[in-house]
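Lettering of chains follows the sequences in order, A, B, ..., and the numbering in each one begins at 1.
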There are 2 protein chains.
Amino acid sequence: MYSLNVEFFGYFAAILTTAAFLPQLIKTLKTKKADDVSLLTLIMFMSGVGSWIIYGYAISSSPILIANIITLLLNFFILISKIYYARKY
Amino acid sequence: MYSLNVEFFGYFAAILTTAAFLPQLIKTLKTKKADDVSLLTLIMFMSGVGSWIIYGYAISSSPILIANIITLLLNFFILISKIYYARKY
């Protein structure tokens, strides 16, 4: 029962910190700009998320592993959108 | 030696995904706006980070625990700055 609760918090955290980047991606695509979003934050965050993937794999934590792979993908799309719109407009 | 490498990736990931939010906070304070930063992303992300703190404590992972406490604080300051500048300007 205890480990079940732990897993719950892991997956709840994983879903939230992953899904959190969807509104940012949607907002960027809608407004066609992300000038206020820090480029350095995106680059550092994606590097860190990549390291969490290695760490999650090493300690065999599925929530950390799966969440960070999707988080990396979403932030990659935000980064590409930011650069694309900055060049276009 | 193996566990030492695992810890290294954990702390490297922790430092990067935590420090990543400093450039965003500095940028927001300098430009005095964060209109392009999604409010929903900040709220969902902070809720998720709060859950990671509980998870990190439960599985006794120091990198997860420490990193997420600082990440929560930095994002809290970004959220406050965003709301403050949106009202003021």
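Taking hydrophobic clusters as Ile, Leu, Val, Met, Phe, Trp and Tyr residues chained together by side-chain heavy-atom distances below 4.5 Å, A/Tyr11 does not share a cluster with B/Tyr57.
Looking only at heavy-atom pairs under 4.5 Å with chain A, the residue among B/Val49, B/Leu39, B/Leu42, B/Val37 that has the most is B/Val37.
Residues of residues 13-20 of chain A lying under 4.5 angstrom from chain B, judged on non-hydrogen atoms, are A/Ala13, A/Ala14, A/Leu16, A/Thr17, A/Ala19, A/Ala20 by number. Within residues 66-73 of chain B, the residues that have a heavy atom under 4.5 Å from a heavy atom of chain A are B/Ala67, listed by number. Scanning residues 74-82 of chain B against chain A with a 4.5 Å heavy-atom cutoff picks out nothing at all. Applying a 4.5 Å heavy-atom cutoff, the residues of residues 21-30 of chain A that approach chain B are A/Phe21, A/Pro23, A/Gln24, A/Lys27.
Rounding to the nearest 0.5 Å places CG of A/Asp35 at 10.0 Å from OG1 of B/Thr31. Rounded to the nearest 0.5 angstrom, B/Ser51 OG and A/Phe8 CZ are separated by 7.5 Å. Atom CD in A/Glu7 sits 9.0 Å away from atom CD1 in B/Ile59 (nearest 0.5 Å).
B/Gly10 and A/Trp52 get closest at one heavy-atom pair: O-CH2, 3.8 Å. Heavy-atom minimum distance, A/Ile64 versus B/Ile64: CD1-CD1, 3.3 Å.
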